K.L.:
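I'd like to ask some things about the structure below.
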Amino acid sequence: MAEGLKPLYSPEEIRSTIGRLAGEIRADYASRTPILVGVLKGAFVFLADLIRALEMPVEVDFIRLSSYGTRDVPTPKAVITKDIELSVEGRDVLVVEDIIDRGTTIEAVMDHLEGKNPATLRLCTLLLKEGGGTGRKIDYIGKEIGDGFVVGYGMDYKERYRELRALYTIDTKDGGD
Ligand code: 5GP
Ligand code: MG
């Protein structure tokens, strides 16, 4: 483990959280084939484990948004830099995000996808920061956490630490994507 990282959740805790989320999702989408849309880059590890825990047919696509500078600086609405490629019109769409803080990013994603007329549009996040969130309903929440900057399990600080199997908080003043 690199210096300055404090353990948040172990691989076992992540696995059991994903197992619980998968059970909820499986029950809600019985006999349907949702399109899971992962928000790049941070959600790719979570999405990979989630689809295998689901044990039901799914389709997968990705969307990416421009990252903004620091957490403390207000920024304009996030811009989509890579759109999904599947047609979602009339389909069940489940957006899969790693972490929701202020909610700016996920609101841009949800607004954008809503414009493509899916039959249903839901949201799943592994982590939700306390005091953060969005005006939108979050249908599936893995863990609610305190106010530290999280890395590992796909999430980075300046592109580092995505490969770590566990989740950590890191001492830093500025945020990342
Ligand atoms: P928002 O504040 O718009 O909810 O989140 C902005 C972006 O920063 C999102 O892509 C979100 O996944 C990412 N983000 C928010 N908090 C953290 C964090 O603690 N660690 C990392 N690595 N990314 C974060
Ligand atoms: Mg993200």
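Counting starts at 1 for both ligands and their atoms, in listed order. Numbering starts at 1 and runs along the sequence shown. Since this is a predicted model, take the numbers as computed values, not measurements.
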K.L.:
Return yes or no for this condition: an N or O of Ile100 is under 3.5 Å from an N or O of ligand 1.
P.N.:
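Such a contact does not occur with ligand 1.
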
K.L.:
Are there more than 12 heavy atoms of other residues, nucleotides or ligands under 6.0 Å from atom CZ of Arg165?
P.N.:
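Incorrect, the count does not exceed 12.
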
K.L.:
What are the atoms of ligand 1, with element, lying closer than 4.0 Å to any heavy atom of Gly148?
P.N.:
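Answer for ligand 1: 19 (O).
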
K.L.:
Specify the closest pair of heavy atoms between Val93 and Pro118, including all atoms of both residues, with the distance to one decimal.
P.N.:
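Reported closest heavy-atom pair: CG2-CB, 3.7 Å.
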
K.L.:
Is Asp98 paired with Arg162 through a side-chain N to carboxylate O contact shorter than 4.0 Å?
P.N.:
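Between Asp98 and Arg162 there is no salt bridge, as every charged N stays at least 4.0 Å from the carboxylate O atoms.
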
K.L.:
Quick one: closest heavy-atom pair of Ala108 and Ile80, and the distance?
P.N.:
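Closest approach of Ala108 to Ile80, heavy atoms only: O-CD1, 4.3 Å.
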
K.L.:
Taking N or O atoms only and a 3.5 Å limit, does Val150 qualify as a polar contact for ligand 1?
P.N.:
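Val150 vs ligand 1: N/O contact under 3.5 Å present.
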
K.L.:
With heavy-atom distances below 4.0 Å as the criterion, list the atoms of ligand 1 near Asp98.
P.N.:
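With Asp98 as reference, the close atoms of ligand 1 come out as 12 (O).
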
K.L.:
Before accepting this row, confirm whether a basic side-chain N of the pair Lys143/Glu13 lies closer than 4.0 Å to the acidic partner's carboxylate O.
P.N.:
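No, this pair does not count.
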
K.L.:
Tell me whether ligand 1 is touched by Gly103 - counting only heavy atoms on the residue side and a distance under 4.0 Å.
P.N.:
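A heavy atom of Gly103 does come that close to ligand 1.
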
K.L.:
Please report the shortest heavy-atom distance between Asp156 and Lys158, naming the atom on each side.
P.N.:
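Closest pair (atom of Asp156, atom of Lys158, distance): OD2-N, 3.4 Å.
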
K.L.:
What do you reckon, does Ile99 put a non-hydrogen atom under 4.0 Å from ligand 1?
P.N.:
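For ligand 1, residue contact (heavy atoms, under 4.0 Å) with Ile99 is present.
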
K.L.:
In ligand 1, which numbered atoms sit nearer than 4.0 Å to a non-hydrogen atom of Lys129?
P.N.:
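So the atoms of ligand 1 that pass are 16 (N), 17 (C), 18 (C), 19 (O).
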
K.L.:
Output the list of atoms in ligand 1 that are nearer than 4.0 Å to some heavy atom of Met155, sorted by atom number.
P.N.:
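By the 4.0 Å cutoff, the relevant atoms are 22 (N).
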
K.L.:
Consider ligand 1: state whether an atom of it lies below 4.0 angstrom from any non-hydrogen atom of Ile106.
P.N.:
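No, Ile106 has no heavy atom closer than 4.0 Å to ligand 1.
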
K.L.:
With sequence neighbours left out, what residues match Glu107 under side chain to side chain contact (heavy atoms under 4.5 Å, CB included)?
P.N.:
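Testing Glu107 for side chain to side chain contact (heavy atoms under 4.5 Å, CB included), a comparison that skips the adjacent residues, returns Thr134, Arg136.
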
K.L.:
If you check every N/O/S atom of Asp98, which is the one nearest the Mg ion (ligand 2)?
P.N.:
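Considering only N, O and S atoms, Asp98 comes nearest to the Mg ion (ligand 2) through OD1.
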
K.L.:
Just list the side-chain donor-acceptor pairs under 3.5 Å for residues 30-40, sequence neighbours left out, or say none.
P.N.:
residue: Arg32; atom: NH1; partner: Asp92; partner atom: OD1; Å: 3.0
residue: Arg32; atom: NH1; partner: Asp92; partner atom: OD2; Å: 3.3
residue: Arg32; atom: NH2; partner: Asp28; partner atom: O; Å: 2.7

K.L.:
Any atoms of ligand 1 less than 4.0 Å from a non-hydrogen atom of Arg102? List them with their elements.
P.N.:
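Here the atoms of ligand 1 in question are 1 (P), 2 (O), 4 (O).
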
